[in-house]
Amino acid sequence: MTDNYLIVVGVDGSVGSRRALEWAAREAATRGGAVQAVTAWSWDGIEYGPMTATSPDEEAQRAAELLDREVKALAVQRGTAQPVAAEVIEGRPADVLSAAAASADLLVLGSHGHSRVRHTVLGSVSEECIRKARCPVVVIPVPAERPEPTREPALRGG
């Protein structure tokens, strides 16, 4: 296809963003394009992860380490050295991702990020990105855990 095809993907360390990064890498490979993984960060004093940063510099460093881990895990999982550009940007996630994807061909997001409290108070990042983006947006669902079946499945006669 084209070397200019760009897919921007939001990465926050959640299962949803990990699945989005994997999907974006597969899609870019089929189109001969590139992936730009973006992590947004801010230091607002709201605790939403396992650790709370004590300064903006610490939060920026934590975001960079998270993104680096996710990109390296993708390379190990795929067994390929497909380059993924990684960028950590300060700001509200929906604003950062929409701006990063302004000249992209596609924006890819996970359906659920890390913070349910923030979602309840501030709204969904993916919903806001869908409204703001200037390119198509793909939202990758996080599969629901299925409960164990309580009975044997019925066999179809044939």
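Just the heavy atoms: all of them, side chains too, but no hydrogens, waters or symmetry mates, feed the values below. No experiment lies behind these values; they were computed from the predicted model shown.
Between the side chain of Asp105 and the backbone N or O of Ile7 there is no donor-acceptor pair closer than 3.5 Å. In terms of modelled atom types and a separation under 3.5 Å, the side chain of Thr39 and the main chain of Ala63 share no donor-acceptor contact.
At least one side-chain heavy atom of Leu106 sits less than 4.5 Å from a side-chain heavy atom of Tyr5. Contact check for Val35 versus Leu21: side-chain heavy atoms found under the 4.5 Å cut-off. Between Asp12 and Pro93 there is no side-chain heavy-atom pair separated by less than 4.5 Å.
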Residue pair Arg62, Glu65: steps toward the salt bridge (charged side-chain N to carboxylate O under 4.0 Å, His left out) verdict: CA-CA 5 Å; Arg62 225 171 61 196; Glu65 289 169 359; over 6 Å; no

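For the pair Ala37 and Val71, the tightest heavy-atom approach, listed with the atom from each and the gap, is CB-CG2, 4.3 Å. The nearest pair of heavy atoms linking Leu107 to Cys129 is CD2-CB, 4.0 Å. Closest approach of Glu90 to Val96, counting heavy atoms only: O-CG2, 3.7 Å. Across every non-hydrogen atom of Glu128 and Ala94, the tightest pair is CD-CB, 3.4 Å. The nearest pair of heavy atoms linking Gly91 to Ala40 is O-CB, 3.8 Å. Summarising the geometry of Pro141 relative to Ser111, their closest heavy-atom pair is CA-OG, 3.4 Å, with the distance given to 0.1 Å.
To the nearest 0.5 Å, the span separating CD1 on Ile130 from OG on Ser98 amounts to 10.0 Å. With rounding to the nearest 0.5 Å, the separation of CH2 in Trp41 from CD in Glu58 is 11.0 Å. The CG atom of Leu109 sits 6.0 Å away from atom OG of Ser126, with the distance rounded to the nearest 0.5 Å.
Tested against Val88 for a side chain to side chain contact (heavy atoms under 4.5 Å, CB included), the candidates Leu67, Asp68, Leu66 yield a single pass: Leu67.
Residues passing the salt bridge (charged side-chain N to carboxylate O under 4.0 Å, His left out) test with Asp95, sequence neighbours excluded: Arg92, Lys132. Applying the side chain to side chain contact (heavy atoms under 4.5 Å, CB included) test to Ile140 and every residue at least two apart in sequence or in another chain returns Arg19, Ala20, Trp23, Val108, Val138.
Using modelled atom types and a 3.5 Å distance limit, the side chains of Ser55 and Asp57 yield no donor-acceptor pair.
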